[in-house]
Amino acid sequence: FSSDENALMWYRTAEIKHARLAMLAAVGWPLAELFDKKIAYLFDLKPLLVFQDRVPSILNGGLDRTPAVYWASALGVAFAIESFGLIKSRNAANAGADYTPGDLGFDPLGLAGKSGEERMFKAEAELFNGRVAMLAITGFAVQEWWTQNSVINETPIF
């Protein structure tokens, strides 16, 4: 669906970013529902969960209960990571080197793989798992909106 190679690279970079965020959110959503009240009471804070222990979201409401400091820090961190990635991709393009979308040069545990074939396999696996996570997060949001009940209350394992 891309018109040229640059558009394809932009699409792939955006997909990787969204996949990584969705994988974090797919884990964080149920954990937030499980531990929000416990952590809030531990630090004498007001819990952020809305009615029936649902996570604040556009469909659930409750985003206005999230402190402005959180939103500012989240945007600041996102801006810093986005800027670093942009600089890295432009430096690679100026040097005539290949750039792998989403590769920020941060892999302290060596999870990306050693050989080229292993790196390609793991990059594809990350993308596939990220696509499933994007569907999961969409499912979480729609499920909580439709049933008016939290994901953890609807999932027997929790």
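Any value given below was found using the heavy atoms of this structure, including those in side chains, with hydrogens, waters and symmetry copies removed. Small disclaimer: the values here were computed from a predicted structure and weren't measured.
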What pairs meet the salt bridge (charged side-chain N to carboxylate O under 4.0 Å, His left out) rule with one or both residues in residues 79-92, with sequence neighbours excluded? K17-E82
Quick one: side chain to side chain contact (heavy atoms under 4.5 Å, CB included) partners of Y11, sequence neighbours excluded? S2, A7
Using side-chain heavy atoms (C-beta onward) and a distance below 4.5 Å, is V77 in contact with I81? yes
Apart from W146 itself, members of its ILVMFWY cluster (side-chain separation under 4.5 Å) are L59, W145
Only distances under 3.5 Å count here; give the side-chain donor-acceptor pairs of residues 36-49 to other protein atoms, sequence neighbours excluded, each with its distance to 0.1 Å.
residue	atom	partner	partner atom	Å
D36	OD2	L48	N	2.9
D36	OD2	L49	N	3.2
K37	NZ	D53	OD1	2.8

Would you mind listing every side-chain hydrogen bond (donor to acceptor under 3.5 Å, both in side chains) that reaches into residues 127-142, with sequence neighbours excluded? E15-R131
My understanding is that a hydrophobic cluster links ILVMFWY residues whose side chain heavy atoms are under 4.5 Å apart, including indirect links. Using that, what else belongs to the cluster containing L127? I16
Give the table of side-chain donor-acceptor pairs shorter than 3.5 Å for residues 21-35, with sequence neighbours excluded, one pair per line with atom names and distance.
residue	atom	partner	partner atom	Å
W29	NE1	E33	OE2	3.1
W29	NE1	E144	OE2	3.0
E33	OE1	V151	N	3.1
E33	OE1	I152	N	3.0

My understanding is that only residues two or more places apart in sequence, or in another chain, count here; which of them pass side chain to side chain contact (heavy atoms under 4.5 Å, CB included) with M120? E124
Mind listing the closest non-hydrogen atom pair of R54 and N60 along with its distance? NH1-OD1, 3.1 Å
Mind checking side chain to side chain contact (heavy atoms under 4.5 Å, CB included) for W10 and listing every partner two or more places apart, or none if nothing turns up? none
R20 meets the side-chain hydrogen bond (donor to acceptor under 3.5 Å, both in side chains) criterion, sequence neighbours left out, with E126
Residues forming a side-chain hydrogen bond (donor to acceptor under 3.5 Å, both in side chains) with E118, sequence neighbours excluded: none
Which residues share a side chain to side chain contact (heavy atoms under 4.5 Å, CB included) with N91, sequence neighbours left out: I87
